[in-house]
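Here the structure comes first, spelled out in structure tokens, and everything after it is commentary.
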Amino acid sequence: MAVLPASDQERARRFWSDVFGLTPLRSDMGGDFYIVGGVPLLVYETQFAGTAQNTSFGLFTDDLDRDMAALREKGVTFNEYDLPGLKTENGVVDMDGERGAWFNDSEGNIISIAQPTSISLDDAKAMLSAQRA
């Protein structure tokens, strides 16, 4: 299960609805529960939302360009980075074995979206599943 903080629960709920078309499966304990890409996600209210400067949640895709275009249509802006070993161009980095991009949710949490390029998405999922066993 992934957990993301929100300083404004209503704003976060609108983000997950407007951008991903999701409604909470359940809301309790100060948070909303979703399923995103097969992963349970809790978005809960706290004053510490948006303070992490690292990727908080990651998504895999089989078509990064398609999904970035769809997210941009919903108002998502992709982050640009120029760090040692990582430089984005138009929001995208081409790394060894995958292409990726990052954006912030309504609460300042950094979310990544990545497309494996050296193996298929199905192979990547199988590798992750095998490591859980």
Side-chain angles (χ1 to χ4, degrees):
M1 180 170 102
V3 180
L4 291 177
S7 58
D8 183 323
Q9 193 70 30
E10 287 301 318
R11 180 179 58 212
R13 189 175 292 135
R14 282 191 306 274
F15 173 85
W16 289 96
S17 174
D18 294 349
V19 174
F20 291 98
L22 299 174
T23 56
L25 298 174
R26 137 178 152 225
S27 297
D28 57 27
M29 301 183 305
D32 295 327
F33 291 85
Y34 302 92
I35 299 292
V36 182
V39 175
L41 171 65
L42 167 63
V43 178
Y44 74 102
E45 194 158 3
T46 175
Q47 66 187 13
F48 302 109
T51 58
Q53 296 302 302
N54 57 283
T55 303
S56 297
F57 188 63
L59 302 166
F60 272 134
T61 179
D62 62 350
D63 189 333
L64 182 66
D65 297 322
R66 174 200 65 212
D67 291 341
M68 286 180 73
L71 289 167
R72 282 182 170 125
E73 286 178 12
K74 295 179 183 271
V76 168
T77 301
F78 287 88
N79 301 340
E80 294 292 344
Y81 296 104
D82 188 358
L83 305 168
L86 188 140
K87 180 171 174 53
T88 56
E89 185 174 320
N90 197 25
V92 178
V93 66
D94 223 331
M95 298 178 285
D96 186 32
E98 75 179 41
R99 295 175 66 231
W102 293 264
F103 61 95
N104 292 44
D105 70 4
S106 62
E107 306 309 296
N109 301 303
I110 300 171
I111 299 174
S112 70
I113 182 167
Q115 176 184 354
T117 55
S118 62
I119 60 175
S120 73
L121 183 58
D122 288 337
D123 289 342
K125 288 178 185 177
M127 284 174 41
L128 291 171
S129 293
Q131 292 195 8
R132 283 187 266 163

Rounded to the nearest 0.5 Å, what's the gap from [atom1] on [X] to [atom2] on [Y]? Could you check?
{"X": "R66", "Y": "T61", "atom1": "CZ", "atom2": "OG1", "answer": "4.5 Å"}
{"X": "D67", "Y": "D62", "atom1": "CG", "atom2": "CG", "answer": "7.0 Å"}
{"X": "D105", "Y": "R11", "atom1": "CG", "atom2": "CZ", "answer": "9.0 Å"}
{"X": "I110", "Y": "L4", "atom1": "CD1", "atom2": "CG", "answer": "11.5 Å"}

Provide the closest heavy-atom pair for [X] versus [Y] in the form atom of the first, atom of the second, distance.
{"X": "N90", "Y": "R72", "answer": "O-NH2, 3.0 Å"}
{"X": "Q115", "Y": "L64", "answer": "OE1-N, 2.9 Å"}
{"X": "S106", "Y": "A12", "answer": "OG-CA, 3.4 Å"}
{"X": "E80", "Y": "G91", "answer": "OE2-N, 2.6 Å"}
{"X": "S112", "Y": "G58", "answer": "OG-CA, 3.2 Å"}
{"X": "E98", "Y": "A114", "answer": "OE2-CB, 3.5 Å"}

Could you list all the side chain to side chain donor-acceptor pair (under 3.5 Å) pairs where at least one residue sits in residues 26-41, not counting sequence neighbours?
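Checked against side chain to side chain donor-acceptor pair (under 3.5 Å) - neighbours excluded - the pairs reaching residues 26-41 are Q9-D32, R13-D32, R26-D28, S27-D32.
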Which side chain to side chain donor-acceptor pair (under 3.5 Å) pairs, counting each pair once, include a residue from residues 35-60, with sequence neighbours left out?
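The answer is T55-W102.
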Side-chain (E107) to main-chain (P5) donor-acceptor, under 3.5 angstrom:
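No; zero donor-acceptor contacts below 3.5 Å.
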Side-chain heavy atoms under 4.5 angstrom apart, residues restricted to Ile, Leu, Val, Met, Phe, Trp, Tyr: same cluster for V39 and F20?
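Yes, it is one cluster - the side chains of V39 and F20 are joined through contacts under 4.5 Å.
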hydrophobic_cluster_shared for V92 and F60, side chain cutoff 4.5 Å:
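Different clusters: F60 never reaches V92 through Ile, Leu, Val, Met, Phe, Trp or Tyr contacts under 4.5 Å.
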Given V43 and F15, is the side-chain contact (heavy atoms from CB on, under 4.5 Å) satisfied, shown in steps?
CA-CA 11 Å; V43 178; F15 173 85; over 6 Å; no
Hey, are the side chains of [X] and [Y] touching, using non-hydrogen atoms and a 4.5 Å cut-off?
{"X": "W16", "Y": "L41", "value": "yes"}
{"X": "M1", "Y": "F33", "value": "yes"}
{"X": "I111", "Y": "L59", "value": "yes"}

Would N79 and T88 satisfy side-chain contact (heavy atoms from CB on, under 4.5 Å), going step by step from the backbone distance to the final call?
CA-CA 8 Å; N79 301 340; T88 56; over 6 Å; no
Fit a plane to each ring of F78 and F103, take the angle between them on a 0 to 90° scale, and name the class: parallel (under 30°), tilted (30 to 60°) or perpendicular (over 60°).
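Answer is perpendicular, since the angle exceeds 60°.
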Under the side-chain hydrogen bond (donor to acceptor under 3.5 Å, both in side chains) rule, collect the residues that match up with D94, sequence neighbours excluded.
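Applying side-chain hydrogen bond (donor to acceptor under 3.5 Å, both in side chains) to D94 gives none.
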